[in-house]
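Heads up, the thing below is written out as structure tokens.
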Amino acid sequence: MERLRVIGGHRLTGQIRISGAKNAVLKLMAASLLASDVTIIQNVPRIRDVEIMVKVLQSLGVEVTWDDRSTLRLDPRQGIHYSAPDELVREMRASVQVMGPLLTRLGRVKLFQPGGCVIGQRPIDLHLKGFQALGAEVVEEHGYVYVQAPKLRGAEIHLDFPSVGATENIMAAAILAEGTTVIRNAAKEPEIIEEQNFYNRLGARIRGAGTDMIRIEGVSRLQPKPIEYTVIPDRIEAGTYMLAAAITGGDLELEEVIPEHLESLTAKLREAGAEIVTAEERLRIRVGRRLSAVDVTVLPYPGFPTDLQPQIAAVLSLADGTSVLTENVFGSRFRYVDELIRMGANIRVEGRSAIVKGVPRLTGASVIAPDLRAGASLVVAGLAAEGETILEGVAYLDRGYEAMEQKLQAVGADIRRESDAPVETEMVV
Ligand code: EPZ
């Protein structure tokens with residue numbers, strides 16, 4: 001069992017380089033199933049979710065190797081299967097993002113029904129309704145989802161909710177469909193623009209990603225050529241470190257970020273009293289005084305991102321005044337609250353909202369991360385808490401943050417990883 005030990009009270013100062021985006025790279029890896037030659041993906045973060053997606057693709061028949069520390073080579077020319085092992089789908093929900101590409105490439109896909117997870121019930125009904133609109137037959141039985149589509153035909157699809165995953169899967173399933181597909185109320189996340197660009201490099205005809213209407217003109221085949229693609233920086237990793245700087249009253253410069261992907265957080269932190277300066281691929285945040293309370297309303301992009309809601313709650317726990325956080329994307333993303341309360345926070349959850357009353361100090365405690373971003377929230381809190389915080393559940397952090405403790409140590413945090421490695425018993429011979 002591994003844990004992080006954090007001693008709070010150190011201002012974060014210096015530079016952090018942001019890694020490639022988890023929520024972009026997982027989809028680009030899935031999208032490579034549609035290539036008929038080698039795909040090279042650069043700036044890939046070394047995180048657990050990437051390792052799981054590597055295994056998923058290898059189980060589907062893709063030859064996946066690391067060219068160097070951050071470059072993946074994916075070769076689908078050995079032939080592709082239509083189903084991935086249950087345990088991998090169960091371990092990572094993002095595995096469902098192979099459904100659209102497999103439907104387009106093979107005309108069928110069978111996957112273990114992805115469960116909900118600790119942040120709420122996470123069905124894939126919008127994905128499946130999209131596939132059906134394109135002419136696919138969907139059967140859900142024995143805990144599996146079977147989707148068959150001998151012929152996919154373009155359709156007009158209006159999403160009940162701008163689901164990121166559904167937008168991505170439907171886009172992938174429409175690429176070789178007969179006729180044109182229009183996705184309305186589409187998710188507008190930057191990661192979706194990356195997938196549009198990737199598919200268009202392969203010869204697809206997609207327009208409108210980044211807006212709420214995406215048009216996919218079905219083509220008869222994709223170009224059989226190798227492509228190289230570089231992953232954009234991770235806006236959620238960047239936002240997490242901005243909030244870590246904010247809570248410690250630090251002065252932090254982030255390198256290799258795309259500032260416009262962080263505009264909602266930047267505006268919110270400026271409103272609370274932080275000083276933020278942005279340049280081409282850099283962002284600098286300085287906080288010289290106690291932040292003021294601010295209200296936060298989570299919304300689909302470009303609204304305030306749900307993936308930063310737990311982390312800003314930690315920061316607002318020490319702000320001057322009372323803040324109201326409203327979570328409008330996931331059903332229950334407040335599991336971190338009990339752990340923050342153990343550190344002295346004053347938070348009351350009422351339905352989709354958390355009322356955060358600023359307190360003068362947080363104190364270190366033993367806490368457990370219930371999920372990836374809740375874990376990040378507890379690290380952020382521990383960086384400012386008086387005394388020592390012991391965080392269990394580090395495996396969650398490793399799913400989405402590359403070298404988190406090294407990056408934080410380099411800017412002054414007192415944070416280190418410990419493990420209950422089995423004590424080497426002396427072999428008495
Ligand atoms: C992606 O998840 C991200 N994951 C999530 O990041 C992120 O929080 C989420 O988008 C929202 O931005 C990846 O990209 C791998 P959704 P996704 O479909 O695609 C409901 C992280 O921490 N819904 O936009 O699964 C769903 O239950 C992770 O990095 C349906 O009801 O998110 C949720 O309440 C966490 N039916 C809401 O929509 C569906 O068919 C948003 O889900 C699909 C979704």
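Hydrogens, waters and symmetry mates play no part in the numbers below; they use all other heavy atoms, side chains included. Numbering of ligands and ligand atoms starts at 1, following listing order.
- Atoms of ligand 1 lying under 4.0 Å from at least one heavy atom of Arg333, given by number and element, are 8 (O), 22 (O), 35 (C).
- Looking at ligand 1, you'll find an N or O of Leu126 within less than 3.5 Å of one of its N or O atoms.
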Would Arg184 and Asp212 count as a side chain to side chain contact (heavy atoms under 4.5 Å, CB included) if you check the C-alpha gap in whole Å, the side-chain angles of each, and the deciding distance to 0.1 Å?
-> CA-CA 6 Å; Arg184 288 197 168 80; Asp212 62 5; over 6 Å; no
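- Contact atoms of ligand 1 toward Asp307: 5 (C), 6 (O), 7 (C), 8 (O), 21 (C), 22 (O), 28 (C), 29 (O), 35 (C) (distance under 4.0 Å to a heavy atom of the residue).
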Audit row: Arg373, Tyr401, side-chain hydrogen bond (donor to acceptor under 3.5 Å, both in side chains) steps and yes/no = CA-CA 10 Å; Arg373 305 302 177 184; Tyr401 290 96; 2.9 Å; yes
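- No N or O atom of Thr306 sits closer than 3.5 Å to an N or O atom of ligand 1.
- Comparing Leu128, Val329, Asn169, Val164 against atom 37 (C) of ligand 1, the shortest heavy-atom distance belongs to Val329.
- Nearest heavy atoms, Val287 versus Ala274: CG2-CB, 3.7 Å.
- Proximity to Gly165 (heavy-atom distance under 4.0 Å) selects the following atoms of ligand 1: 18 (O), 19 (O).
- At under 3.5 Å, not a single nitrogen or oxygen of Phe330, backbone or side chain, sits near a nitrogen or oxygen of ligand 1.
- Of all atoms in ligand 1, listed by their number and element, those nearer than 4.0 Å to a heavy atom of Ile124 are 39 (C), 40 (O).
- Side-chain contact check for Ser366 versus Arg3: every heavy-atom pair is 4.5 Å or farther apart.
- Contacts with ligand 1 closer than 4.0 Å are made by no heavy atom of Ala166, backbone or side chain.
- Near Arg93, meaning under 4.0 Å from any of its heavy atoms, are these atoms of ligand 1: 25 (O).
- The line from NZ of Lys110 to OH of Tyr82 is 5.5 Å long, rounded to the nearest 0.5 Å.
- The atoms of ligand 1 that sit less than 4.0 Å from any heavy atom of Lys22 are 21 (C), 29 (O).
- The N/O atoms of Arg373, backbone and side chain alike, include one that comes under 3.5 Å of an N/O atom in ligand 1.
- For ligand 1, the atoms lying closer than 4.0 Å to a non-hydrogen atom of Phe161 are 37 (C), 38 (O), 41 (C).
- Of the listed residues (Leu33, Leu134, Leu34), just one forms a side chain to side chain contact (heavy atoms under 4.5 Å, CB included) with Thr104, and that residue is Leu34.
- Lys407 places a side-chain heavy atom less than 4.5 Å from the side chain of Glu237.
- Ion pairing of Asp49 with Arg93 is absent here, as no side-chain N (NZ or NE/NH1/NH2) approaches a carboxylate O to less than 4.0 Å.
- For the pair Arg73 and Glu63, the salt-bridge criterion is not met [side-chain N within less than 4.0 Å of a carboxylate O].
- Every atom of ligand 1 is numbered from 1 in the order shown, and the set under 4.0 Å from a heavy atom of Lys27 is 13 (C), 14 (O), 15 (C).
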